[in-house]
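Within every chain, numbering begins at 1; the chains are lettered A, B, ... in the order of the sequence lines, protein sequences first and strands thereafter.
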Amino acid sequence: MIAYTVRRLLMLIPVLLGMSIVTFSIIHLIPGNPAQVILGDQATATAVANLEEQLGLNEPFFVQYFHYMLDLLRGDLGTSLRTNSSISSEIWPHLAATMELTIFAMVFAIIVGVNAGIISAWKQNSWFDYFAMIIALIGVSMPIFWLGLMQQWIFAQELGWLPAFGRGNPRDPIESITNFNILDSIINGRTDQLWTSFKHLVLPGIALGTIPMAIIARMTRSSMLEVLRSDYIRTVEAKGSRPISVIYRHGFKNAVIPVLTVVGLQTGTLLGGAILTETIFSWPGIGRYVFEAIGNRDYPVIQSGILVIAFMFVIINLVVDLLYSYIDPRIKY
Amino acid sequence: METVTPTNKKPMPGPERNEPEMEKIEVVSPWKDAYWQLKKNKLAMVGIFIIIFFIIVALIAPLLTPYAFNTISAGDRLSSPSAAHWFGTDDLGRDIFTRIVYGARISLMVGFFAVTGALVFGTFLGIIAGFFGRWIDMLISRIFDIMLAFPSILLAIAIVAILGPSLQNALIAIAIINIPIFGRLVRSKVISIRQEEYIMAAKAQGMKNGRILFHHVLPNSLAPIIVQATLGFGVAILEAAALGFLGLGAQAPTPEWGKMLSDSRQFIQSAPWTVLFPGISIMLVVLGFNMIGDGLRDALDPKMKN
């Protein structure tokens, strides 16, 4: 297990290096003179020259990459062109906001998806099965930004049940400690703020979680169907176990591996989908941070934002991989 | 021994009578079998119906509507669905039905070119990596790993941020991000086929690499590629709509469905039809491709057959 963990960590090195080359190259692949493109056609020659100096674009490519890597290893993500402040300190609140949203969406997707999949498999070909699978098929096919807009319209604007924008009440800001609003309001002992933060999470969380939910439901169903047909399940049934114990204690335990893989892969969809969801719900997360940077041609922010999101995705998949052998001791590396 | 040999050479009358029936079963090719399986699948048939419907709509778009997709009519701003405007009009008084119908052309085109691009390059790289192995395989596989380490839409956004926002660049970005998906699939298929005895036989006969690839390897890896391409159509259309929605894809006045959604989202309360119909169109087309893709997977995957 330890040997596998070390090997798996070593395998990350080329991928992380490759990722850094990709994000580093973003600014260099801009057609024409990058500094001119960033500043626009109206910019003076001195301004362009200054920016080139600031971004180090005058140096040879490999020297630039070397400096870039050195900064990254020190935890320096560069300086935003728009705000002139350090991206490393700017990015954390955004990252925390995205993580809070993503965790909520994933919890929603797993709880609903896994249970819908299990019941569908248990009652195969029942009306519930057909209904759940058609909903799942529609869920995979739906543009999440459209689902978000529809939710906003129905539940926020027409019914007025839930807030449509932001993370909380701007007139009653949460004293930030961890930048996770739910956590902070618990630490501060403010139940009213906890409730407000939760209400703000519901609509974007469900919009973001719908596609993973649908995929998890489909995967759980097919994985469970395979397990429920096996001999040991028949033995458990013959022994007289209650159906709930057969399904959850004996069945799902063995059907969980493919579901786990899907959960890991879908986290990438969530991190990417966060850009769309955050734009719709004005959620101040990292997706919106990158998106606004594209509008402002703030390339250092674009580079670092993309790198941080991809890094999170890689780490999550590493954790999922390591979880396999913990959950299923039959898997040996 | 002596009694056994003659019976082998001259079969008993019993088996001989059964022979025509046996042959009939053997004649069925895997493709024909898959076709029958697919025909029995109701969801897949609905999917095919939806896609054919949208293809026809896209082809005969000018015949379906008396309006042009970019005619601005200030007097008709945000009018609700009526006999004159089936799906209502948008904030510039443009007929939404007309824009949806022309938008079908864009979405299907994006899906087709993005998937074709990804398929051609992905298959090419996958075959090279899988068939030649060694350092070429190492190099190509690592590049695929790195590309797949980015959430796909994020990589597309990065590419568009480099090239500049336009429908054409969005299409290029979507094609690029889908290359490793096809590439990996083809590579793993090629590696498993390379071990087969008939490849060894072909090599022993002195067949050239190119011929082995096109006559044996490619035809035998077609099934999963077809499934992935069908599902990829839906994914590409969703990604194009997402880029359009973010303002990184098609630009005004192109009637791209995602762009239509982002242009109208501020009118959702006063004129919900402006947001409703483009969204439903995206969903239906993607649903159609997903239904066909699922059906094809069930039909072509021998493990699913009883």
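More than 12 heavy atoms of other shown residues, nucleotides or ligands fall within 6.0 angstrom of atom CZ in B:F97. The neighbour count for A:F24 CZ, taken as heavy atoms of other residues, nucleotides or ligands under 6.0 Å away, is above 12. Sparse packing is recorded around CZ of B:F49, with 12 or fewer heavy atoms of other residues, nucleotides or ligands lying under 6.0 Å away. Around CE of A:M69, the count of heavy atoms belonging to other residues, nucleotides or ligands within 6.0 Å exceeds 12. A 6.0 Å sphere centred on CZ of B:F267 holds more than 12 heavy atoms belonging to other residues, nucleotides or ligands.
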Intermediate values then yes/no, side chain to side chain contact (heavy atoms under 4.5 Å, CB included), A:M150 and B:V275: CA-CA 8 Å; A:M150 288 290 123; B:V275 178; 3.7 Å; yes
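When side chains are defined from C-beta on, A:L29 does not count as touching B:I159, because their heavy atoms never get closer than 4.5 Å. The shortest distance between side-chain heavy atoms of A:L55 and A:L81 falls below 4.5 Å. The shortest distance between side-chain heavy atoms of B:V285 and B:I50 does not fall below 4.5 Å.
Residue contact with chain A, scored on non-hydrogen atoms closer than 4.5 Å, involves the side chain of B:I153 exclusively. Heavy atoms closer than 4.5 Å to chain A are found nowhere in B:I237, neither backbone nor side chain.
Distance CZ/A:F155 to CG/A:L162: 8.0 Å, rounded to 0.5 Å.
Pairs of residues two or more places apart, or lying in two chains, never qualify as ring pair (Phe, Tyr, Trp, His ring centres under 6.0 Å) while including a residue from residues 140-184 of chain B.
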Pairs under 3.5 angstrom only: tabulate donor-acceptor contacts from the side chains of residues 242-250 of chain B to other protein residues two or more places apart or in another chain.
none

Scan the chain B/chain A interface and emit each donor-acceptor pair under 3.5 angstrom with its distance.
from   : atom 1 : to     : atom 2 : distance (Å)
B:A161 : O      : A:Y299 : OH     : 2.8
B:R265 : NH2    : A:I280 : O      : 3.1
B:V275 : O      : A:W146 : NE1    : 3.0
B:N290 : ND2    : A:S141 : OG     : 3.0
B:D294 : OD1    : A:R218 : NH2    : 3.1
B:D294 : OD2    : A:R218 : NH1    : 3.3
B:D294 : OD2    : A:R218 : NH2    : 2.7

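Note on A:I302, A:L271, A:V22: by heavy-atom pairs under 4.5 Å with chain B, the leading option is A:V22. Heavy-atom pairs under 4.5 Å with chain B were tallied for A:G287, A:P143, A:A293; the largest tally goes to A:P143. In terms of non-hydrogen atom pairs under 4.5 Å with chain A, the most contact-rich of B:G288, B:G234, B:P272 is B:P272. Comparing A:L270, A:I26, A:V314 by heavy-atom pairs within less than 4.5 Å of chain B, the highest count is held by A:I26. Chain A forms the most heavy-atom pairs under 4.5 Å with one residue out of B:I280, B:V235, B:L155, B:I143, and that residue is B:I280.
Using a 4.5 Å heavy-atom cut-off against chain B, the contacting residues of residues 131-140 of chain A are A:L137, A:I138, A:V140.
Under the 3.5 Å distance criterion, the side-chain polar atoms of B:R77 are matched with a main-chain donor or acceptor of B:D91.
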